[in-house]
Protein chains: 2
Amino acid sequence: MTKPATRIQKKNRTAILAAALEVFSQFGFRGATLDQIADAAGLSKPNLLYYFPSKEEIHQQLLTSLLSAWLDPLRKMDDAGDPIEEILGYAKRKLDLSRDYPRESRLFANEVLQGVPHLGDTMPALKTLVDEKAKVINGWAKAGKIVAIDPHHLMFLIWAQTQHYADFDAQVRAVLGRDDPFPEAFAFMEHMLRRTLAP
Amino acid sequence: MTKPATRIQKKNRTAILAAALEVFSQFGFRGATLDQIADAAGLSKPNLLYYFPSKEEIHQQLLTSLLSAWLDPLRKMDDAGDPIEEILGYAKRKLDLSRDYPRESRLFANEVLQGVPHLGDTMPALKTLVDEKAKVINGWAKAGKIVAIDPHHLMFLIWAQTQHYADFDAQVRAVLGRDDPFPEAFAFMEHMLRRTLAP
DNA sequence: GTCTATATCCCGATAGAC
DNA sequence: GTCTATCGGGATATAGAC
């Protein structure tokens, strides 16, 4: 599938991917149907399959095209910055993603929950990035800027805590009542991380 | 569906529920098929449907029969105990569940991730339990035993952190290499919670 | 490029013999 | 109680007209 030539093709492909994100993130890969996606994109089902060869291909393109943006907050964590503020900034950017892009979060959550059946071969690259940042955190700890701490589990903590608000939104809302949890969530996370990390 | 009479009936129903847990937790409700469940239970598909009237019913029975055990760790958090140790004990019991019952965790994760389509009417009961325990935590804070903290977000933190190791196991393993993460996970969580909660 | 119609397959559930 | 055989619905994907 090469680059779309015309403006309308580009628009349709974009609409399909947006619709697919909506449907896949809510129902998972198997739970989603092409009828739902075509409907949400404002196209007929055969027309949808004119732009993408298969359901699998739409899903794969979604995942791979979003993955890079999803890892950006971690890439931006800067070796040269203030350690506590860098980690806090990373956590905040991650929580912003949960607030602003909950469907993307749930798309990845579905994928990981089922054992990364479509993203298995990108896991080594994730490990490479995480290991690299783990070294940065270990350096900060050795310099006495933060407490000595397992950097991988710190990463899991930040992932778990931030993504929880997007992925398990239904439960969060049910427990809190109707509220937008994000302002308090950030204050809470800042308290937790500052205390956890203080040297 | 009344109590099964014979020993073999009981055994088959148990085998079916065990097989269904395996399959539903891995593939979600829609992703799971009765063929897979029947196969895992060592029965034919029609025979499976002799014991349960429908796929939906198997899933529902699984969820409701496991829900109570799933909330037990929280119920056991004791108003009269030492606050920090009670919260820590709760978190430890929850992490033990993730280690010993990861399939149950993923079963609920799938359900919540898709908006609790089958557990919607049990959410009020969950909220009641959580609100009750939130009051206990608020009491501890007022007495100066722990820091003043939002008890609901503390709950989310513990849920997110502990369930992460079961629900996103594929990612955890990919990032860490091959290791069993649980010993370090508990040490990490204890460090994090003690510092977060100290008055 | 987009549609209607349809082929093909898979899944949940049922019928009926044993 | 358990099986083989099958129904009926729904899903992915394709054919072919326009």
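In the text below, chain A, chain B and the rest are named by the order of the sequence lines, each starting its count at 1.
Relative orientation of the A/His191 and A/Phe188 rings is tilted, given thresholds of 30° and 60° on the angle between their planes. Classification of the B/Tyr165-A/Phe156 ring pair by plane angle, with boundaries at 30° and 60°, yields perpendicular.
Of the candidates D/dT2, D/dA11, C/dC11, the closest approach to any side-chain atom of B/Asn12 belongs to D/dT2.
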Sugar-phosphate atoms are those with a prime plus P, OP1 and OP2; base atoms are the rest. Using that split, label each nucleotide of nucleotides 13-18 of chain D B, S or - for protein heavy atoms under 4.0 Å, 5' to 3'. BB----
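Atoms CZ (B/Phe29) and P (C/dC11) sit 14 Å apart, rounded to a whole Å. For the pair A/Asp39 CG and D/dT12 P, the computed distance is 13 Å after rounding to whole Å. One can place CZ of A/Phe52 at 15 Å from P of D/dT12, the figure rounded to the nearest angstrom. Summarising the geometry, the separation between CG on A/Leu43 and P on D/dT12 is reported as 15 Å, rounded to the nearest angstrom. B/Gln36 has its CD atom 9 Å from the P atom of C/dG12, to the nearest Å. Rounded to a whole Å, the CZ atom of A/Phe27 is 18 Å from the C1' atom of D/dT12. With rounding to whole Å, B/Leu48 atom CG is found 14 Å from D/dC3 atom C1'.
For C/dT2, neither phosphate oxygen OP1 nor OP2 lies less than 4.0 angstrom from any side-chain nitrogen or oxygen of A/Ser44. The phosphate of C/dA13 (OP1 or OP2) has no side-chain N or O of B/Tyr50 nearer than 4.0 angstrom. Taking side-chain N and O atoms only, A/Asn47 has no distance below 4.0 Å to OP1 or OP2 of C/dT4.
Every residue two or more places apart in sequence or in another chain that forms a side chain to side chain donor-acceptor pair (under 3.5 Å) with A/Arg99 is listed here: A/Asp96.
Residues B/His152 and B/Asp131 bring a donor and an acceptor atom of their side chains to less than 3.5 Å of each other.
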Listed pairs under 3.5 Å, donor-acceptor, residues 174-182 of chain B side chains, sequence neighbours left out:
{"unit_1": "B/Arg178", "atom_1": "NH1", "unit_2": "B/Leu176", "atom_2": "O", "d": "3.4"}
{"unit_1": "B/Asp180", "atom_1": "OD1", "unit_2": "B/Phe182", "atom_2": "N", "d": "3.1"}

Working note: B/Arg194 + B/Glu85, criterion salt bridge (charged side-chain N to carboxylate O under 4.0 Å, His left out); need CA distance, chi angles, decisive distance, verdict. CA-CA 9 Å; B/Arg194 283 197 190 279; B/Glu85 298 308 318; 3.0 Å; yes
Taking it one step at a time, do B/His118 and B/Glu56 satisfy side chain to side chain donor-acceptor pair (under 3.5 Å)? CA-CA 9 Å; B/His118 309 94; B/Glu56 191 97 26; 3.2 Å; yes
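Heavy atoms of A/Ala38 sit nowhere under 4.0 angstrom from any nucleic acid atom.
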